[in-house]
Amino acid sequence: MEERTGQEKIKLDQNQDLYQILIETSRELICLHDPEGIYLYVNPIIETLTGFKPEEMLGRNPYDFIHPDDRERIIIDSHNPAKEGRPTVATQYRFLKKDGDYVWFQTLTQPIKNKEGTVTYLNTTSRDVTDQVRLTESLQQEKKFSSIMAELAKVGAWESNIETGSLYWSSEIYRILERDPSLGIDRDTVYQKYSYSEDMEKLRENNLRVYQKGETYSVEHRMVTETGRVIWVRTQGKPAYSDGRIVGVYGAMQDITLSKLVEEEIRLSEKKFSEAFHSSGNGIILLDKNGHFLELNQSFAKMLGYEPDELLFKSFQDVTHPEDLNIGAEAFRKIIDGERNGAQFAKRYIHKKGHIVWVFITGVAVRKDSGELMFIVAQIQDISRKRILENILREKNARLRSVGTHLKERISQLEEFNQIVSHNMRSPIGNISTLVKFLEEAETEEEKVEYMDYLKTTSDQLLKTLNEIVEVIKIRQSPKVVSEEILFESVFSRVKAMFLGQILECDAEIIADFSESPSIVYPPVYLESIFLNLLSNSLKYRCESPHPVIRFRTYWSHGNHVLEVQDNGLGIDLNKHGDQIFKLHKRFHRNTDGRGLGLFMTKNQIESLGGEIHVESTPGQGTKFIIHLSKANEFAI
């Protein structure tokens with residue numbers, strides 16, 4: 001009898017030791033309070049979570065650390081019901097850390113009653129949900145400022161054009177449906193090959209409402225991949241308008257197959273959250289020094305799709321993803337060898353059905369007084385859903401950045417083109433005004449005839465420029481502006497004629513050498529605008545003495561055309577104005593006429609075609625512009 005009593009005591013002591021280990025190694029904060037909330041016990045994880053040691057918290061009031069804005073809610077929703085012995089719900093609040101920052105806790109408070117039914121203690125279990133709260137806040141902020149983009153930027157994007165009949169898939173949708181992107185896609189293939197027969201009508205109805213009524217939709221349905229697998233996807237559609245009419249539909253498709261499995265696993269696991277070990281929401285396992293399972297809870301077995309008895313005949317290597325074997329094995333070896341007592345790491349397990357389960361593992365060695373390893377206790381947290389949400393968030397952000405960049409480019413191109421129309425007319429018209437003045441002041445008939453010829457030449461060039469701009473406007477209504485091979489000399493001669501009056505007026509010497517690179521494939525109106533702005537700039541900011549000398553030359557450098565324009569004019573102080581030269585409406589000489597548009601337009605024209613422009617200048621000595629022109633055949637707007 002005494003021997004049996006002794007054995008029961010040893011077993012009880014072992015269980016108590018085990019529960020103490022589980023509590024003291026728990027990644028969740030476990031506390032004991034009196035009914036007023038004063039700390040009576042705090043497990044060691046408090047130092048990791050807040051920076052306070054357990055002994056620093058004993059005898060303290062939790063409300064000294066809870067954010068003032070959260071205190072009343074905690075009292076009403078959690079503290080008062082627990083004091084009265086009523087059920088409570090998990091609450092989230094901010095808790096002050098030792099370094100002055102706040103950590104977000106989610107806490108469940110449970111009353112502990114004596115035999116008479118009086119609440120004598122309060123037990124709280126808390127976990128750090130800071131990352132989840134920040135993620136939620138980030139998603140809410142994103143939704144507030146870009147609700148439309150956030151709605152569509154899921155996983156894969158698609159667009160259908162009614163007028164052309166074309167259908168676009170992003171690379172992610174090709175991946176989801178296991179189709180080779182080089183094959184392209186069309187509507188008939190989508191419905192006949194990839195749509196699940198029982199869900200096809202639902203898709204047709206939703207798309208019909210978009211085309212006819214402009215109604216957006218979001219629908220979950222099944223699809224069949226190229227290899228014949230049936231998957232679940234969520235498809236969203238939204239009408240695309242042009243001039244008030246629907247011209248197409250665009251949207252997003254998300255593969256939610258894994259998400260549905262994970263959500264189902266989480267739902268089943270949450271039913272077991274009632275007891276410390278076998279009913280814990282996280283997996284808990286005990287391993288021997290050979291890596292075999294000594295004991296495991298139902299949650300861990302459920303996490304991998306096995307029955308507990310099935311896993312007891314396996315080691316942790318048997319259920320680990322092959323690429324992650326070294327991660328767990330190395331951590332396990334160091335614990336066995338006594339190099340460390342614990343380890344934390346993320347790794348992948350293989351579900352019984354074959355899919356991946358991402359987990360975060362916290363393992364701690366339990367040793368005898370002699371240092372010999374008894375077993376390793378490890379808590380396993382399933383983080384698959386978190387990984388999925390992180391991936392979705394990254395994809396959303398990438399999509400938003402891409403759309404934002406595209407919109408900025410479109411706005412810049414439209415603004416630049418509007419300015420070409422207005423600005424390129426200003427200099428020729430000013431030239432005509434100068435020639436008219438010369439004509440009025442002409443003293444002989446020969447001078448009048450000469451100036452009339454100049455006027456005719458300038459007006460003809462102006463009319464030609466207007467006609468070209470009109471042609472460009474027509475071309476811009478199509479998707480692309482096509483470049484053509486043009487001679488630098490031809491375009492420059494036409495531009496020079498526009499400024500003939502100003503050149504004569506200031507006795508400017510214009511030197512052009514295009515022999516090293518005589519031609520280029522480029523949009524003619526853009527090259528003419530670049531010449532026009534640079535010549536206008538040199539004439540406008542000329543020095544009175546000596547007479548203006550302006551040089552234009554082209555040459556090849558690293559496979560690109562280079563255009564250099566150099567003058568001996570006023571120059572620019574680059575130390576003072578270097579970062580402002582190409583900004584809109586920026587001028588650097590008060591006594592000259594101008595609106596600060598020319599260089600701004602030139603830079604945008606050059607960069608929109610993949611080129612670069614640089615400037616070298618010294619006040620009083622002149623300016624040199626070095627332009628690396630693109631060899632692109634066309635420019636999409």
Side-chain angles (χ1 to χ4, degrees), residues 16-34 36-68 70-71 74 78-79 82 90-110 112 121-135 273 276-277 280-286 331-332 334-335 338-346 359-367 369 371 373-381 383 386:
Q16 289 174 342
D17 289 343
L18 176 59
Y19 288 128
Q20 182 178 358
I21 290 169
L22 292 176
I23 292 173
E24 292 186 352
T25 60
S26 174
R27 296 185 69 247
E28 294 188 349
L29 178 60
I30 301 174
C31 305
L32 186 67
H33 313 255
D34 70 10
E36 300 305 318
I38 303 302
Y39 286 110
L40 302 178
Y41 169 79
V42 182
N43 69 337
I45 197 65
I46 186 71
E47 186 171 2
T48 301
L49 298 177
T50 69
F52 292 104
K53 295 181 181 298
E55 56 267 24
E56 295 180 87
M57 305 300 292
L58 300 182
R60 301 288 297 274
N61 191 324
Y63 294 105
D64 294 340
F65 304 91
I66 295 174
H67 193 284
D70 299 335
R71 292 171 185 170
I74 297 298
S78 180
H79 193 174
T91 55
Q92 289 187 179
Y93 58 91
R94 289 158 287 183
F95 193 92
L96 183 66
K97 297 168 62 178
K98 195 169 186 176
D99 61 8
D101 289 337
Y102 280 93
V103 61
W104 278 92
F105 279 155
Q106 184 181 74
T107 298
L108 179 64
T109 304
Q110 295 179 324
I112 299 176
Y121 300 102
L122 300 178
N123 168 246
T124 59
T125 303
S126 307
R127 61 189 182 98
D128 183 349
V129 294
T130 305
D131 290 343
Q132 294 91 317
V133 170
R134 288 175 179 170
L135 178 60
F273 290 177
F277 190 84
S280 174
N282 293 327
I284 303 176
I285 60 175
L286 303 181
F332 186 77
K334 289 183 177 181
I335 293 177
E339 296 180 25
R340 57 196 303 179
N341 285 322
Q344 288 186 331
F345 52 89
V359 297
F360 186 81
I361 299 175
T362 301
V364 178
V366 180
R367 304 181 187 275
D369 292 340
L373 180 70
M374 295 175 59
F375 56 85
I376 297 173
V377 58
Q379 294 193 64
I380 297 91
Q381 182 182 2
I383 58 171
K386 180 181 178 182

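- Partners of Tyr121 by side chain to side chain contact (heavy atoms under 4.5 Å, CB included), not counting sequence neighbours, listed by chain and number: Leu32, Leu40, Ile112.
- Here the straight-line distance linking atom CD1 of Ile45 with atom CD of Glu28 works out to 10.0 Å at 0.5 Å rounding.
- How far CG of Leu49 is from CH2 of Trp104: 15.5 Å, rounded to the nearest 0.5 Å.
- Every side chain to side chain contact (heavy atoms under 4.5 Å, CB included) that Leu373 has, sequence neighbours left out, goes to Lys289, Ile336, Ala365, Arg367, Ile376.
- Taking 4.5 Å as the limit, some side-chain heavy atom of Tyr41 sits within range of a side-chain heavy atom of Ile23.
- In this structure, the side chains of Ile335 and Arg340 come closer than 4.5 Å at one or more pairs of heavy atoms.
- One finds the CG atom of Leu286 at 9.0 Å from the CD1 atom of Ile21 (value rounded to the nearest 0.5 Å).
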* **From CA spacing to verdict: side chain to side chain contact (heavy atoms under 4.5 Å, CB included), Phe360, Gln344** => CA-CA 7 Å; Phe360 186 81; Gln344 288 186 331; 3.8 Å; yes
* side chain to side chain contact (heavy atoms under 4.5 Å, CB included) between Gln106 and Val133, intermediate numbers included -> CA-CA 10 Å; Gln106 184 181 74; Val133 170; over 6 Å; no
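- The salt bridge (Lys or Arg N to Asp or Glu O under 4.0 Å) test applied to Asp131 returns Lys386, not counting sequence neighbours.
- Between Ile38 and His33 the shortest side-chain heavy-atom distance does not fall below 4.5 Å.
- Residues satisfying the side chain to side chain contact (heavy atoms under 4.5 Å, CB included) test with Gln110, not counting sequence neighbours, are Leu108, Asn123.
- Legend: residues meeting side chain to side chain donor-acceptor pair (under 3.5 Å) with Thr130, ordered by chain and number and at least two apart, are Asp128.
- The closest donor-acceptor contact from the side chain of Arg71 to the backbone of Tyr63 lies under 3.5 Å.
- Under a 3.5 Å cut-off, the side chain of Thr50 and the backbone N or O of Ile46 do form a donor-acceptor pair.
- Pairs passing the salt bridge (Lys or Arg N to Asp or Glu O under 4.0 Å) check and including a residue from residues 39-60, sequence neighbours excluded, read Glu47-Lys53, Glu56-Lys98.
- Taking the six-membered ring for Trp and thresholds of 30 and 60 degrees, Phe95 and Phe65 have nearly parallel ring planes, at less than 30 degrees apart.
- Counting heavy atoms from C-beta on, the side chains of Thr25 and Thr362 never come closer than 4.5 Å.
- Here the side chains of Gln132 and Gln92 are not in contact, with every heavy-atom distance at 4.5 Å or above.
- In this structure the side chain of His79 reaches within 4.5 angstrom of the side chain of Leu122, judged on heavy atoms.
- With contacts defined as side-chain heavy-atom distances shorter than 4.5 Å, the pair Leu29/Asn43 qualifies.
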